[in-house]
**Student:** 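Okay, here's the structure, questions in a sec.
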Amino acid sequence: MGERTVNLIPAPSWLQTGDGMFALKRNLSVSCSDPSLRQVSEELASYLHQLTGLPTSAESAASPEGTIHLELMSDASLFSDLPVAYGNSLKEGNPADEQYMLSVKKDQVRIRATAVEGIYRGGHLPETISRREYGGPG
């Protein structure tokens, strides 16, 4: 497989690309594993609807059932090899862990983090991609 360019801001600490691609389709759903993620899932579903014009929904689901699934993890060991990245939480002014893991497969996108702020950062990735790439209006 040749070199593949992936435009993500901020640039990921680690990236592995594969074959194929994920395409947004009708009945797009954003599910979340924790009630504290409900607002983020609703914002992401709304944003994707505005961006693409596709019908979207936000739902709570303990297992990754949505087209895009947001998941809080209690075990931070998946991030142990990555550099620690901290920012400021705008809500409370305290440092918040912004690390997240993005997994894109042909049928689903999963965003996992140990803190809501990490899920929020990962969930706003569509803002870094143009409408033309999504095939939506504009």
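FYI, the numbering just counts along the sequence from 1.
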**Student:** Looking only at heavy atoms, which two atoms of Val116 and Ser36 are closest? And how far apart?
**Tutor:**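 Minimum heavy-atom contact is CG2-OG, 3.7 Å.
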
**Student:** Over all heavy atoms of both residues, which pair between Leu37 and Cys32 is shortest? Give the atoms and the distance, please.
**Tutor:**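 Shortest heavy-atom separation between Leu37 and Cys32 comes out as CB-CB, 3.7 Å.
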
**Student:** Between Leu102 and Val109, is any pair of side-chain heavy atoms under 4.5 Å apart?
**Tutor:**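 Contact flag for Leu102/Val109 side chains = yes.
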
**Student:** Measure across Ala115 and Leu72 and return the closest heavy-atom pair with its distance rounded to 0.1 Å.
**Tutor:**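 Ala115 and Leu72 have their closest heavy atoms at C-CD2, 3.5 Å.
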
**Student:** Can you name the nearest heavy-atom pair linking Ser41 to Val30, along with the distance?
**Tutor:**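 Answer, listing the atom of Ser41 first, then Val30: CB-CG1, 3.6 Å.
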
**Student:** Under 4.5 Å between any side-chain heavy atoms of Tyr100 and Glu117, yes or no?
**Tutor:**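 Side chain of Tyr100 against side chain of Glu117, heavy atoms only: no contact under 4.5 Å found.
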
**Student:** Could you grab the distance from atom CD1 of Ile119 to atom CD of Glu71, nearest 0.5 Å is fine?
**Tutor:**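 With rounding to 0.5 Å, CD1 (Ile119) is 8.0 Å from CD (Glu71).
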
**Student:** Taking Ser31 as the fixed residue, which of Glu59, Arg110, His69 is the one that meets the side chain to side chain donor-acceptor pair (under 3.5 Å) rule?
**Tutor:**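 Looking at Glu59, Arg110, His69, the match for Ser31 under the side chain to side chain donor-acceptor pair (under 3.5 Å) is His69.
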
**Student:** Would you say the side chain of Ser29 lies within less than 4.5 Å of the side chain of Thr56, judging by non-hydrogen atoms?
**Tutor:**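 A side-chain contact under 4.5 Å is absent here.
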
**Student:** Can you tell me how far apart OG (Ser57) and NE2 (His49) are? Round to the nearest 0.5 Å.
**Tutor:**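 So the OG of Ser57 and the NE2 of His49 are separated by 11.5 Å.
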
**Student:** First locate atom OG1 of Thr114, then atom CD of Gln99, and finally report the distance between them rounded to the nearest 0.5 Å.
**Tutor:**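 Thr114 atom OG1 to Gln99 atom CD measures 7.0 Å (nearest 0.5 Å).
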
**Student:** With rounding to the nearest 0.5 Å, note down the distance linking OG in Ser60 to CG in Asp34.
**Tutor:**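 Result: 9.0 Å between the selected atoms.
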
**Student:** Rounded to the nearest 0.5 Å, how far does CD of Gln108 lie from OG1 of Thr67?
**Tutor:**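 Taking OG1 in Thr67 and CD in Gln108, the distance rounds to 7.5 Å.
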
**Student:** Do you know the tightest heavy-atom contact between Asp107 and Phe22?
**Tutor:**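 Of all heavy-atom pairs spanning Asp107 and Phe22, the closest is C-CE1, 3.9 Å.
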
**Student:** What are the two closest heavy atoms between Thr52 and Leu48, and how far apart are they?
**Tutor:**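 Smallest heavy-atom distance, with atoms named: OG1-O, 2.7 Å.
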
